[in-house]
Structures are given as C-alpha cells and as structure tokens.
Number of protein chains: 2
Amino acid sequence: MSPYDPSAFPPFAVTVDLVVLTVRRHALCALVVKRGEPPFQGRWALPGGFVRGDEDLAAAAARELAEETGLCAHDPGRPGVDNGAHLEQLATYGDPKRDPRMRVVSVAHLVLAPDLPAPRAGGDANSARWAPVDELLAAGDAEAPGGLAFDHAQILGDGVERARSKIEYSSLATAFCPTEFTVGELRRVYEAVWGVALDPRNFHRKVTGTPGFLVPAGGTTTRQGGRPAQLFRAGGATLLNPPMLRPEV
Amino acid sequence: MSPYDPSAFPPFAVTVDLVVLTVRRHALCALVVKRGEPPFQGRWALPGGFVRGDEDLAAAAARELAEETGLCAHDPGRPGVDNGAHLEQLATYGDPKRDPRMRVVSVAHLVLAPDLPAPRAGGDANSARWAPVDELLAAGDAEAPGGLAFDHAQILGDGVERARSKIEYSSLATAFCPTEFTVGELRRVYEAVWGVALDPRNFHRKVTGTPGFLVPAGGTTTRQGGRPAQLFRAGGATLLNPPMLRPEV
DNA sequence: CCAAAAGTGTTAGCAGTACACCCATGG
DNA sequence: CCATGGGTGTACTGCTAACACTTTTGG
C-alpha cells in the first residue's frame, strides 16, 4: 500500500479556472467567456484551460490570465512583474462528474484586478464580458437555463466569499484600484465588494491611520467631484492590524 | 483555443496528502509516516495516496485518513458521520519537479483531530508517529538530511499556519478536544497551537461569553487537579464573533 | 450661492488587558 | 494547611460608531 506507485494511477486532466474580479460602476464584476463548443455550448463559463506538462499551477493561471485579459499578474509567491493584479490559488474542484466527458480536476485561482478598458478574449470581442457577480450567482448553477457552465457557479461563489473576507484583514482591496487612487475610491471598492454603505469619515480615519496601508502619492484629483482629494498608492503592508470591520446587518 | 479539448491533455497523477494535526503533551503534533521505498526511502512524509478514478477529492482524503488512523472525519461540505475530526481542503501543489518520477499534483487536506490513543499505519506499528511540528519544520525540507520528503515541509507549514489562523475566528479549536472538555483544556489547545501563554481568567470569560461556542455538558472533572471544572461540549456556532485574539509578540 | 465630496473633532460605549481576589479540590 | 487550577469582579485603555462641523472644488 505505498502511497506513490507510479506504475498504476488513474488518468486525470488538470486545468486551471480563473475567478477574475474587478469593480465596475460600483458593482463587483467577474470575467466570463462564452463557450464555443459542447458541453454547455453558448453558456457563460469562467476562463481557464489545461495545465501544460512542464508548467507550475500558478504559471498556468498567469498564462491563461494574460491570454484572456492581457493582464500581467503578480503572484506573491513569485517575485517579478507586478501590474497591479493579484493572483492566488483559491481551491481545487474534483468531483468525478463535474465534467461529463472525462475526469477533470480544476485548480481554481482568484484574480483581483483594477477596472480595465475592455475585455479581450484572444481577439474574439463579444465572447467575453464583465458581469456583475450578483447576476451570475442569482442565475443559478449549470442546472438552471442561464446559469454558469460546469460547477463554475460554485467556484465563483467561493472566490467572491474569499475576496470579501480577505479585504477585511489584508490590503488586497488596493488591487482593485489603479496605481494612484483616493480614499473615496478605495471606500467605494469596499462598498461594492461587501454590498454595504460605509461612513466616509470613519473610513478615512481608519485607512489613513493604519500604518503601511496607504502612502501619499503627492497629487490631488477632483475626478469624483467636490473638494480635491489626495492621491495615494498602496503601501508595503499586506496584513492590516487592526482589520477593517465589515458591518453586521 | 477551447479551454477543454479532451483529446489532447498531458497525463497527470492526482494524489491527496494529509496534514493531520493534534495536541499531545501541550505540543502541536503532526502525523508522519516512514516511506518504505524510493524516492526518499526511510524518510518521514505526510500520509497520502492516489485519488481513485471515481472518487471525490474529499472522499479520497477521508478514506486515506481512515486507513492511516481509523478516524472518521467530518467534512462540513458532506453532512454525515462526525467523530470529532475536522477535515478541509488546504491547497494544491503542482510543481512539475515536486516528484522526481512523474508529474504528480497533490491536493493537500488539513485534519484537526483530538489526541488519539496511538497511531496505526495499516498494521505497521513503528512506521507512523506523531511528531511535534516544531521539530519537523526545524528539520528543514527534503534538501536537508532529516527533513520531510518531497515538498511536505512546505505543505505542513501551510497547514499549521492555516490552523493557527482559523482557530482565531472559528470554533475549530474544539476539534482538538474530546467530546467533553473543560475551559482549561481548550485554553491549553490555544496555547499549544499558537505557542503562547494566555491569561486563564480572561480566556474563561471570553469563551463562555461567546454565544454558541460552548454549551455546558452538565458534569465536572478534576482530571487537571485543583478545583473541579465544568465540562462543556462544542456549541453550534462555527464562526466566532468577536474572534479570539492571538497575542502579538 | 448651492451641491457634493473631502477631511477633522468630539463623544459615548464596548471590548480587551491586567490583575486582585475568592472557590473547591487533592495531598 | 497548602498547592493547584477554576472562576468572578473591577479599573484602565484603546478602538469604533455616530454625527456635528469645516474645507474646497464645480456649476
């Protein structure tokens, strides 16, 4: 009963699926692509693809992300290019029946990205879109007519929940913002991800008072109207202490 | 570029590895087994094995756990038997070089178990043991002479870190205790997992004051010496609000 | 001037820390 | 009687929620 007998093992396909989240028009949105072939032809699904034979899981996720969006992800585990997007492993889904054709184990990854000009799916313009996660999750799973393909509704739900909890105790919310942003813009990110309203005064005090969370970028902007707001960049801190508190309600 | 072309995919082996943690003699310990064959013959490794062709990932982890320890795990996702042990997916490790023989993707799972009489490894008595995680992690990775095989030091470290953070905001620490336990025993679990000393008075107030964390079991015990202590069972609550606070230092 | 958004000040209340103190048992 | 661990009371402190108020722009 050796745990590793390389001669006899069942054949698996291993894929990566991506939950790519961004905040657009004050709503948390996910990237979905339209399937061009069965099963679930014409249905929306999470972007993803096979892991290559000589490729690490995180590398496969970063490659798929670049192919689908042009984004260059920053993997905290692999210091290198950082174009603002955050990438981390989410969970692995391996129900024997999750793909009707064969045994596919999918390692889902979570990507948090700033608002992008427009999605591009390998040149095919209208086969990819940003959709509010509320709509996607309300549409149900693959059993429902308009639901996401495969178990992608489950994966998306897990990714959204991860994002909602992680911005509480980490500085990850800044990954949804452009390089320079205002406190108000950061607050609208929290409000969109959590779906709540936050007190602007207390929020301002809290984020500017947490050491390492934000560093002043020097300028100001009035792009939100009203009094000019200071511009900030993400600071070096990754863990927030004390954490941001999500209102109960 | 379909993300799912079942005709051409690289062949992967998929395994589950288990980080089984318990608290013994005031120390956080992990279950390790001695490898009987190359590579890393004679080295200690995490228990694990291949996922069968028709088996879910969680089912494979529960099966391996039962084979190695006789424990019947409770998977929150699959309501059923609950013998105290907690099982959850940890993370997936897929470096192309993590197994020198072939491409193996391992879905690691985390198990939190109460202190057990003795480990049993499929009848082979001295090929499995509980080892303090401090010793295992101090021994280094597979490059070091006494380190765990493969990337299991990394996996163990991730599992320990997960356990340390999860007992902050969930009631999972009770998974380390027998069915009935005292507040002092629960406190010693926190102290062992975090490696800190906690104020017994404040701890008592905190856990008994958090609704749903503990329910009185009725009796008392003096097995720790001193004044008899009330016995409790784990309550229904899974998330603690407010959380337990891990001292900084 | 008015609306809108950015910031600052103030207060009440709550939760955590530290520690004095009492309780109930075994030896 | 004393050591040991269980359990309660209390003062102090820091964080948060709530909200009044001032600042600086655009229209």
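Computed from a predicted model, the values in this text were never measured in an experiment. We name chains A, B, ... by the order of the sequence lines, and we start the count at 1 in each one.
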field: Interface residues of residues 212-220 of chain B with DNA chain C (non-hydrogen, below 4.0 angstrom)
entry: none
Whole-Å distance separating the CZ atom of Arg187(B) from the C1' atom of dG7(D): 11 Å
query: Who are the side chain to side chain contact (heavy atoms under 4.5 Å, CB included) partners of Pro132(B), not counting sequence neighbours?
result: Cys29(B), Glu135(B)
message: Less than 4.5 Å apart, side chain to side chain, heavy atoms only: is that true for Glu64(B) and His109(B)?
response: no
message: Is there a side-chain contact between Phe176(B) and Pro114(B) in this structure, where contact means two heavy atoms from C-beta onward sitting under 4.5 Å apart?
response: no
- request: Just call it for Arg223(A): base, sugar-phosphate, or nothing, with non-hydrogen atoms closer than 4.0 Å on any strand.
  value: nothing
- prompt: Are Leu110(A) and Val19(A) close enough that some pair of their side-chain heavy atoms sits under 4.5 Å apart?
  reply: yes
task: Please state how far atom CG in Asn241(A) lies from atom P in dG14(D), giving the value in whole angstrom units.
output: 15 Å
Side-chain heavy-atom pair Trp44(B), His152(B) within 4.5 angstrom cut-off: no
statement: Residue set satisfying side chain to side chain contact (heavy atoms under 4.5 Å, CB included) with Ala131(B), at least two apart, ordered chain then number -> Val32(B), Arg129(B), Leu136(B)
Contacts of type side chain to side chain contact (heavy atoms under 4.5 Å, CB included), residue Pro228(A), not counting sequence neighbours: Thr220(A), Thr222(A)
query: Backbone N or O of Leu198(A) within a donor-acceptor pair of the Glu191(A) side chain at under 3.5 Å?
result: yes
- prompt: Quick one: side chain to side chain donor-acceptor pair (under 3.5 Å) pairs with a partner in residues 225-235 of chain A, sequence neighbours left out?
  reply: Glu180(A)-Arg233(A)
- prompt: What pairs with Tyr169(A) under ring pair (Phe, Tyr, Trp, His ring centres under 6.0 Å), at least two apart in sequence or on another chain?
  reply: none
field: Close residues, residues 224-235 of chain A, relative to DNA chain D [heavy-atom separation under 4.0 Å]
entry: Gly226(A), Arg227(A), Pro228(A)
- prompt: Among all residues two or more places apart in sequence or in another chain, which pass the side chain to side chain donor-acceptor pair (under 3.5 Å) test with Lys206(A)?
  reply: none
task: Check whether more than 12 heavy atoms from other residues, nucleotides or ligands sit under 6.0 Å from atom CZ of Arg223(B), and answer yes or no.
output: yes
field: Within residues 199-211 of chain A: residues closer than 4.0 Å to DNA chain C (heavy atoms)
entry: Arg201(A), His204(A), Arg205(A)
task: With a 4.0 angstrom cut-off to heavy atoms of chain A, pull out the first and last contacting nucleotide of DNA chain C, in 5'-to-3' order.
output: dA4(C) to dT10(C)
message: Filter on ring pair (Phe, Tyr, Trp, His ring centres under 6.0 Å), then keep only pairs touching residues 198-231 of chain A, sequence neighbours left out; what's left?
response: Tyr190(A)-Phe203(A)
task: Compare all side-chain heavy atoms of Trp130(A) with those of Leu31(A) and state whether any distance is below 4.5 angstrom.
output: yes
Side chain proximity check, Leu214(A) to Leu186(A), heavy atoms < 4.5 angstrom: yes
- line: The bend of the helix from dC1(C)-dG27(D) to dG27(C)-dC1(D), taken between the axes of its five terminal pairs at each end and rounded to 10°, is 0°
